[in-house]
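Notes for the one structure printed next.
Atom set for the values below is all heavy atoms of this structure, side chains included, hydrogens, waters and symmetry mates excluded.
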Amino acid sequence: MTEMARLTEESKTRNEAAIRAAMERILSGNLPPGGKADLKTLATLARVTRTGFYPKSNRDGSTRRGAYQHLAEEFERRLRESRDAGEILDPRVAQIDRLKKENAELRKRIGARDEQLAELTDFKSLAISRLAAQHDEIERLRKQAAANHNVRPLPAPSRAVPFGSCS
C-alpha cells in the first residue's frame, strides 16, 4: 500500500494563500471560461486537489477534517451571503434566472392565447349555427311562399326617386 505524502506547513500555507486568492477572484465575479462559482473551480484556480476541501475517513472509521475544509466552508458561506444579498457571481446562474422568467412569461402568454382561441372558437361555432338557422328559416319561408302562390313580385320602379323627396 502506498502512503500519501504529508503536506508540509510551508506548502499548506502556500496552498491556503492560493485558495484565498482564488476565492477572492471567484467572489468578485471573475470566473474562468467554463468555470462556476463552486469548489471544483476554486480548487482548479488554486491548483490544489479538491479532496482537501472534504472530511477524511480514518482507518478506525472516525472522520477528520480536510486540510482546507475550513476554507471550503468559508467559501460556501460567503457564496450564500452573496446570493442572499442578490449578487449573481456566475453568469450562467443569471442566464438561467433570466430564462426561467422568460419561460414563465411565455407560458403566461400561451395560456392567454389559448383562452382567447377557445373564446373565438366558441364564437365561431355560435355564429355558424346562427347563420345556419337563418338560412334554414329563409329556405322555409321561400318554400312557404312558393307553395301558397299568394306572393306577387313588386313592380320595379320606373325611375329612381331620391329619398325624402316628394313627386
Side-chain angles (χ1 to χ4, degrees), residues 1-140:
M1 179 174 356
T2 13
E3 286 285 323
M4 292 289 295
R6 296 260 179 210
L7 281 173
T8 64
E9 281 303 313
E10 181 183 327
S11 63
K12 185 175 178 183
T13 303
R14 194 173 41 251
N15 287 347
E16 285 186 2
I19 292 169
R20 288 192 182 282
M23 189 184 316
E24 293 306 320
R25 179 176 170 192
I26 291 172
L27 292 172
S28 69
N30 187 5
L31 296 171
K36 297 191 257 182
D38 62 0
L39 289 176
K40 180 179 180 183
T41 304
L42 180 64
T44 303
L45 284 176
R47 292 191 171 95
V48 297
T49 62
R50 270 188 295 171
T51 58
F53 293 138
Y54 304 103
K56 309 290 182 263
S57 294
N58 292 323
R59 290 181 188 189
D60 64 359
S62 62
T63 58
R64 67 180 189 281
R65 293 181 58 83
Y68 311 116
Q69 189 172 349
H70 64 286
L71 293 174
E73 291 167 352
E74 178 185 340
F75 177 68
E76 289 174 340
R77 178 187 52 78
R78 289 178 65 189
L79 269 178
R80 222 178 6 264
E81 289 170 356
S82 294
R83 288 183 182 131
D84 291 347
E87 294 177 37
I88 299 176
L89 304 175
D90 191 342
R92 288 180 293 187
V93 172
Q95 182 182 26
I96 289 169
D97 288 346
R98 180 184 56 79
L99 290 173
K100 282 181 179 178
K101 288 176 186 172
E102 191 175 303
N103 190 10
E105 178 60 32
L106 289 173
R107 287 182 184 278
K108 183 178 171 185
R109 286 175 51 193
I110 287 172
R113 280 250 167 97
D114 287 349
E115 188 176 314
Q116 184 182 28
L117 186 60
E119 289 173 6
L120 290 173
T121 302
D122 291 346
F123 176 76
K124 176 183 167 187
S125 297
L126 180 64
I128 288 173
S129 67
R130 285 182 180 172
L131 285 172
Q134 289 172 355
H135 177 74
D136 290 346
E137 180 65 12
I138 290 170
E139 289 297 316
R140 186 189 65 75

Report yes if some heavy atom in the side chain of Leu126 is under 4.5 Å from a heavy atom in the side chain of Asp122; otherwise report no. no

What heavy-atom pair brings Gly35 and Thr41 nearest, and what distance separates the two atoms? CA-OG1, 3.7 Å

Please name the pair of heavy atoms, one in Leu39 and one in Phe75, separated by the smallest distance, quoted to 0.1 Å. CD2-CD2, 3.7 Å

Nearest heavy-atom pair of Phe53 and Tyr68: which atoms, and what distance? CD2-O, 3.5 Å

For the residue pair Glu16 and His70, what are the closest heavy atoms and their distance? OE2-CE1, 3.4 Å

Salt bridge (charged side-chain N to carboxylate O under 4.0 Å, His left out) evaluation trace for Arg77 with Glu81: CA-CA 6 Å; Arg77 178 187 52 78; Glu81 289 170 356; 3.0 Å; yes

Asp60 side chain to Ser62 main-chain N or O, any donor-acceptor pair under 3.5 Å? yes

Glu139 atom CD: more than 12 heavy-atom contacts under 6.0 Å: yes

For Arg140, give me all partners under side-chain hydrogen bond (donor to acceptor under 3.5 Å, both in side chains), at least two apart in sequence or on another chain. Glu137, Gln144

Could you state the interatomic distance from NZ (Lys124) to CG (Leu117), rounded to the nearest 0.5 Å? 10.0 Å

As a quick check of understanding, evaluate salt bridge (charged side-chain N to carboxylate O under 4.0 Å, His left out) for Arg80 and Glu76, giving each step before the final call. CA-CA 6 Å; Arg80 222 178 6 264; Glu76 289 174 340; 5.6 Å; no

Does CZ in Arg25 sit with more than 12 non-hydrogen atoms of other residues, nucleotides or ligands closer than 6.0 Å? yes

In plain terms, say whether Lys101 and Glu105 are close enough for a salt bridge, that is, a side-chain N and a carboxylate O under 4.0 Å apart. no

Distance from Leu106 atom CG to Leu99 atom CG, nearest 0.5 Å? 10.0 Å

Glu24 and Asn30: CA distance, side-chain angles, deciding distance, side chain to side chain contact (heavy atoms under 4.5 Å, CB included) verdict: CA-CA 9 Å; Glu24 293 306 320; Asn30 187 5; over 6 Å; no

Backbone of Thr121 reached by a side-chain donor or acceptor of Ser125 within 3.5 Å: yes

For Leu79 and Ala37, work out which heavy atoms get closest and say how close. CD1-O, 3.4 Å

Any side-chain heavy atom of Leu31 sitting closer than 4.5 Å to one from Ile26? yes

Which residues share a side-chain hydrogen bond (donor to acceptor under 3.5 Å, both in side chains) with Arg109, sequence neighbours left out: none

Give a yes or no on this: more than 12 heavy atoms of other residues, nucleotides or ligands lie within 6.0 Å of atom CZ of Arg47. no

Please round to the nearest 0.5 Å and tell me the distance separating atom CG of Leu27 and atom CZ of Arg20. 11.5 Å

Minimum heavy-atom distance between Leu71 and Met23, given as atom pair plus value: O-CE, 3.7 Å

